[in-house]
Structures are given as structure tokens and as C-alpha cells.
2 protein chains.
Amino acid sequence: MGRRERKKAATRQALADAALRLFTERGYDEVGVREIADAADVSATTLFKHFPDGKEALVFDQDVDREAALVAAVRERPTGQSVPQALHRMLLGEHSRRVHADPRFDDFLRLIDTTPALREYARRMWLRHEYALAAAIADDAGLPADDPGCRALAHFALEAPVLVRGSRDPDTALDRVFDLLGNGWTGTRAD
Amino acid sequence: MGRRERKKAATRQALADAALRLFTERGYDEVGVREIADAADVSATTLFKHFPDGKEALVFDQDVDREAALVAAVRERPTGQSVPQALHRMLLGEHSRRVHADPRFDDFLRLIDTTPALREYARRMWLRHEYALAAAIADDAGLPADDPGCRALAHFALEAPVLVRGSRDPDTALDRVFDLLGNGWTGTRAD
DNA sequence: CTAAAAAAGCGTAACAGCTCAACTTTCTGA
DNA sequence: TCAGAAAGTTGAGCTGTTACGCTTTTTTAG
């Protein structure tokens with residue numbers, strides 16, 4: 001790795017670190033991009049060269065490849081396991097794995113939960129994989145790739161993680177969401 | 001109705017009309033708010049006084065009360081009809097009723113479909129009623145008002161209309177979405 | 001090896017949507 | 001009638017974001 005790329009990566013990391021620190025200290029809406037750029041000793045233009053998707057992207061630095069994991073969860077699920085069950089397990093595992101990996105991950109989640117713009121951005125990051133996931137589901141079920149039912153299942157499954165954030169018990173809430181997707185609405189009229 | 005309120009309503013209408021005309025003529029992103037304000041012969045600040053939710057709100061002027069209709073669809077559904085079925089019928093009826101009411105409604109829908117910012121805004125308008133609808137569903141099923149399953153059903157049902165836009169056959173697509181919510185994912189592995 | 005040219009970082013200035021403090025106009029009621 | 005409250009309007013200015021040009025580094029050609 002050349003000297004140039006190393007400096008580039010260092011600048012990018014300095015920007016992301018400064019942003020996360022300032023955001024958690026004073027709140028997302030109270031910190032401007034010029035201030036973040038100053039803290040990393042670069043100009044605002046440079047910040048946007050490193051993060052073309054804008055201010056929100058500063059928080060979601062690590063862009064791991066979730067798409068492959070999602071498609072694999074559908075394709076390589078064990079016999080007898082339904083598609084919703086496979087996605088459910090995959091999303092649960094992903095979440096707990098991340099919580100245990102980085103101690104700062106809690107602050108990270110709290111920041112996202114309390115900032116509408118970041119929740120929206122997180123949702124859109126998940127939904128970027130909607131098309132690929134829908135295609136994998138359709139292929140598995142022997143339906144055309146743009147089948148609306150498959151698209152709906154992919155869409156709802158990808159939205160589930162964002163939807164259950166803020167619940168008192170997110171894991172149980174996720175159970176309920178995937179129970180709905182797997183078995184349908186089973187509620188009957190009270191009394 | 002006093003002279004003052006009439007003038008206010010006239011200004012608001014002039015703004016909405018100018019916006020819709022300019023947007024359909026040249027595209028949403030090609031028209032600035034200052035230009036719209038000029039066309040209505042007011043300043044940009046005045047525009048935001050009339051539409052505090054911003055540029056997108058100019059397009060969704062008529063703010064009919066859908067919340068009551070949604071809650072009523074759940075509460076007053078005929079015996080034997082499930083909650084998803086009731087919501088499905090209600091959303092279908094709402095759509096066709098609007099298409100037949102105003103001939104300009106087609107242009108309106110096309111504008112929304114081709115503008116990501118407007119699609120997002122439409123989605124958020126629907127989701128404003130998520131809490132009320134979830135509470136109505138929970139009440140009907142005898143569950144606590146913040147039950148995650150009820151919240152998920154409300155959320156997915158409200159997102160359905162936006163999700164099926166752009167499909168080749170939106171009505172059939174809506175059938176598939178509500179089949180998923182009513183009966184769960186029934187697909188089995190191909191071959 | 002060196003000069004040129006291609007690429008990439010960087011800052012200035014600007015434009016977009018949007019808000020704030022102040023000024024005018026219109027309505028109210030004693 | 002006429003203060004003063006309420007509502008409407010405005011120009012200046014803030015924030016996220018981008019286009020343009022300048023400088024620096026890297027690659028390439030002879």
C-alpha cells in the first residue's frame with residue numbers, strides 16, 4: 001500500500017473519528033460539517049470528497065458487505081427452514097455479533113436511535129439490498145425476479161431491524177415481526 | 001370567513017398551483033423555492049410560513065384525514081373479515097376513488113413516482129398514522145397498545161401503497177402484499 | 001532520467017433549502 | 001377611535017453540498 005493511499009485512509013479515519021466524537025458529545029444536529037472538517041484539519045470540500053454521500057455517511061464508516069450474507073442466508077439455509085426463518089436467524093446473529101465486537105457500538109446505536117436523519121439513512125442502507133434479496137428469494141421459489149410478493153418479503157425483512165429499534169425488548173420484537181411474515185396475521189377479535 | 005383568511009388561503013393556493021405547474025413542466029429538482037415564491041409574487045420566507053414542512057409539502061396540498069378512515073376500517077369491518085383484509089379493501093378503494101375524482105391526478109402520481117424525494121415524503125405521510133393504526137389493531141386484538149406485532153402490521157400495511165407504485169400491475173401487487181401479511185410466506189423451494 | 005501529462009487533494013466561492021429577527025399590515029375590543 | 005395583539009411578510013444569514021480552478025503527487029513517454 002503506497003504512501004498516498006495510507007495518508008488518504010488516515011484522513012478518512014480522522015474525519016470519521018472526529019464526527020463520531022463530536023456527535024456523541026453535543027448531538028448530531030448541533031455539529032456542522034465545517035467544524036468536523038476543522039477538527040480533522042481539512043477543508044469541508046475534502047470531507048465531501050471522502051464521504052460523497054454526505055453528513056450521515058460519516059457515522060456509518062465501516063461498510064461491510066451485508067448483501068452477500070443476506071443472499072447466502074436464503075440460498076444456503078438448511079433443509080426444512082423457511083426463508084423468513086433463515087433471514088430472522090441471520091439478522092439476529094448479525095446484531096449480537098456486532099454488539100460483542102466493539103464496546104463503542106452501544107453509543108453508536110444510541111446516537112442512531114435518537115437522530116431521525118440517521119435512522120432514515122440506516123434504513124436506506126439496508127434497503128439498498130432489497131433488489132438483490134428479492135431476486136434471491138424469487139430464484140429460490142421459482143418465481144420471476146420482479147415478483148411483487150418476493151419484493152415485499154425482502155422489503156419487510158430488511159426494514160425489520162430498523163423497525164424494532166427502540167422497543168423495550170428488540171429481540172422479542174424481531175420475533176414478532178418475523179412471526180407475522182412467516183405465518184401471517186393470526187390475531188382474532190377480542191371479547 | 002374574514003378577508004384575512006381568504007387572502008391567506010389564496011396565497012397558499014397560488015403557491016401550491018405554481019409549484020405543481022412548474023414541477024410538472026420542468027421537473028422537481030429543476031425548480032427552486034425562490035422561483036415558486038416569485039411566481040406567486042411572495043418572498044421565499046412567506047412560502048415556508050405557509051408550508052413549514054418544506055418543498056415537498058407543496059405537492060401534497062390537500063391533507064385529507066386518512067387516519068380516521070384507517071381506524072374505522074379496522075373497527076367497523078364486517079364479521080368474519082380479518083384486519084389485513086379490511087385494510088386491503090380500504091386502500092384499494094381510496095386509490096380508485098382518487099383516480100376517478102380528479103383528472104390531474106395522473107400527472108400528480110407520475111410526478112411522485114419519478115421523484116425520489118416525493119416518494120419518501122409520501123411514505124412518511126402514510127407512516128404518520130402508524131401509531132394510531134397500531135393502537136386500533138391492538139385494541140381490536142386485545143393486546144397492549146405498543147405491541148410490536150401490531151406495530152409491524154400497521155407499518156407494513158401503510159407502506160404497501162408506496163411499495164406497489166411502479167409495478168406493472170399495482171392492484172395485483174397489492175393483493176400479493178396483503179396475501180403475505182394475511183397468510184404469511186407460503187413459498188417453497190423450487191425443484 | 002526527465003519532462004509532460006494525467007490524477008488526486010485542496011480551498012474559494014457559490015447555490016440549494018431553510019430559519020431568524022425585525023418590520024408592516026390587519027384585526028380586536030374597550 | 002385607537003392602542004396593541006396577532007398574523008403576514010421580508011431581507012439577511014445559516015447549513016449542507018457542489019462546481020471550478022489551483023497545487024501537488026503519481027504515472028507515463030521519449
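Letters A, B, ... are given to chains in the order of the sequence lines, protein chains preceding strands, and every chain is numbered from 1. Here the structure is a predicted model, which means the values were calculated and not measured.
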Between [Y] and [X], does any NZ, NE, NH1 or NH2 come within less than 4.0 Å of an OD or OE carboxylate oxygen?
X       : Y       : result
R124(A) : E130(A) : no
D53(B)  : R128(B) : yes
R123(B) : E159(B) : yes

Q | Contacts of H95(A) that satisfy side-chain hydrogen bond (donor to acceptor under 3.5 Å, both in side chains) - sequence neighbours left out | A |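 For H95(A) there are no side-chain hydrogen bond (donor to acceptor under 3.5 Å, both in side chains) partners, ignoring immediate neighbours.
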
Q | Residues in contact with DNA chain C, drawn from residues 12-25 of chain A - heavy-atom cutoff 4.0 Å | A |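 Under 4.0 Å from DNA chain C: no residue of residues 12-25 of chain A.
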
Whole-Å gap separating [atom2] ([N]) and [atom1] ([X]):
X      : N       : atom1 : atom2 : value
K8(B)  : dG8(D)  : NZ    : P     : 4 Å
I36(A) : dT15(D) : CD1   : P     : 12 Å
F51(A) : dG9(C)  : CZ    : C1'   : 15 Å

Q) Any side-chain N or O of K7(B) less than 4.0 Å from the OP1 or OP2 oxygen of dG8(D)? A)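 Checking K7(B) against dG8(D): no side-chain N or O falls below 4.0 Å of OP1 or OP2.
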
Q | Partners passing side-chain contact (heavy atoms from CB on, under 4.5 Å) against A135(B) (at least two apart in sequence or in another chain) | A |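 For A135(B) there are no side-chain contact (heavy atoms from CB on, under 4.5 Å) partners, ignoring immediate neighbours.
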
Q.
How would you summarise protein contacts on nucleotides 10-20 of chain C per nucleotide, using B for base, S for sugar-phosphate only and - for none, with heavy-atom distances below 4.0 Å?
A. BBB-B--BBBB

Q) Are F108(A) and F60(A) close enough that their ring centers fall under 6.0 Å? A)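 Yes, the ring centres sit under 6.0 Å apart.
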
Q. With sequence neighbours left out, what residues match D139(B) under salt bridge (charged side-chain N to carboxylate O under 4.0 Å, His left out)?
A.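 Result, salt bridge (charged side-chain N to carboxylate O under 4.0 Å, His left out) vs D139(B): R75(B).
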
Q: Using salt bridge (charged side-chain N to carboxylate O under 4.0 Å, His left out) as the criterion, list what pairs up with R110(A), not counting sequence neighbours.
A: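 Scan of R110(A) (salt bridge (charged side-chain N to carboxylate O under 4.0 Å, His left out), adjacent residues dropped) gives D107(A).
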
